[in-house]
Structure formats: C-alpha cells, structure tokens
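Step one of this worksheet: look at the structure below.
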Amino acid sequence: MNDYLCTVRGYIYQPKLGDPDVGIKPGTAFEELPEDWECPDCGSPKEDFEELLEE
C-alpha cells in the first residue's frame, strides 16, 4: 500500500498507521477510507490527495 500526499498542506496519509484520531485503523488502504474522510491538517477532501509511488 502506497502513501498519499495532501496537495494542499503536505500531510501524508500512511496506511500502515491509519488515522486513529478518527477511528481509522492501521492497515486501512486509502481507497478504503470513508468518502467523507478529510485531511487531518487542513480538512481537504480525498480528491486533494495524490498517490506517492514507491521507487
């Protein structure tokens, strides 16, 4: 699972960590996040994230 970058504020969603502050368990893929999930730093929607590809 790749990480995803918020293009607005630079927050990186890491599936291995999840987002425990809002009940997203570690191991949750970005695609599995609820549609209304927002960037914890700025409130941007999922559409403002881009996948960080591993090199």
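All values below come from the heavy atoms of this structure, side chains included, with hydrogens, waters and symmetry mates left out.
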Atom pair CZ (Phe49) and OG1 (Thr7), whose distance is rounded to the nearest 0.5 Å: 8.0 Å
Under the ring pair (Phe, Tyr, Trp, His ring centres under 6.0 Å) rule, collect the residues that match up with Tyr4, sequence neighbours excluded. Phe30
If we only count heavy atoms from C-beta on, is the Tyr11 to Pro40 side-chain gap below 4.5 Å? yes
So, for Tyr13 and Leu33, which heavy atoms are closest and what is the spacing to 0.1 Å? OH-CD2, 3.7 Å
Is it the case that one hydrophobic cluster holds both Val22 and Val8, taking links as side-chain heavy atoms less than 4.5 Å apart, direct or via other members? no
Gap separating the CE atom of Met1 from the CD atom of Glu32, nearest 0.5 angstrom: 7.5 Å
Check for a donor-acceptor pair, side chain of Thr28 on one end and backbone N or O of Gly18 on the other, with a separation under 3.5 Å. no
Residue pairs involving residues 34-46 (criterion side-chain hydrogen bond (donor to acceptor under 3.5 Å, both in side chains); sequence neighbours excluded): Asp19-Trp37
Got a sec, which residues hit side-chain contact (heavy atoms from CB on, under 4.5 Å) with Asp3, two or more places apart in sequence or on another chain? Ile12, Gln14, Pro15, Leu52
Distance col, row Asn2:CG vs Glu51:CD, nearest 0.5 angstrom, shows 4.5 Å
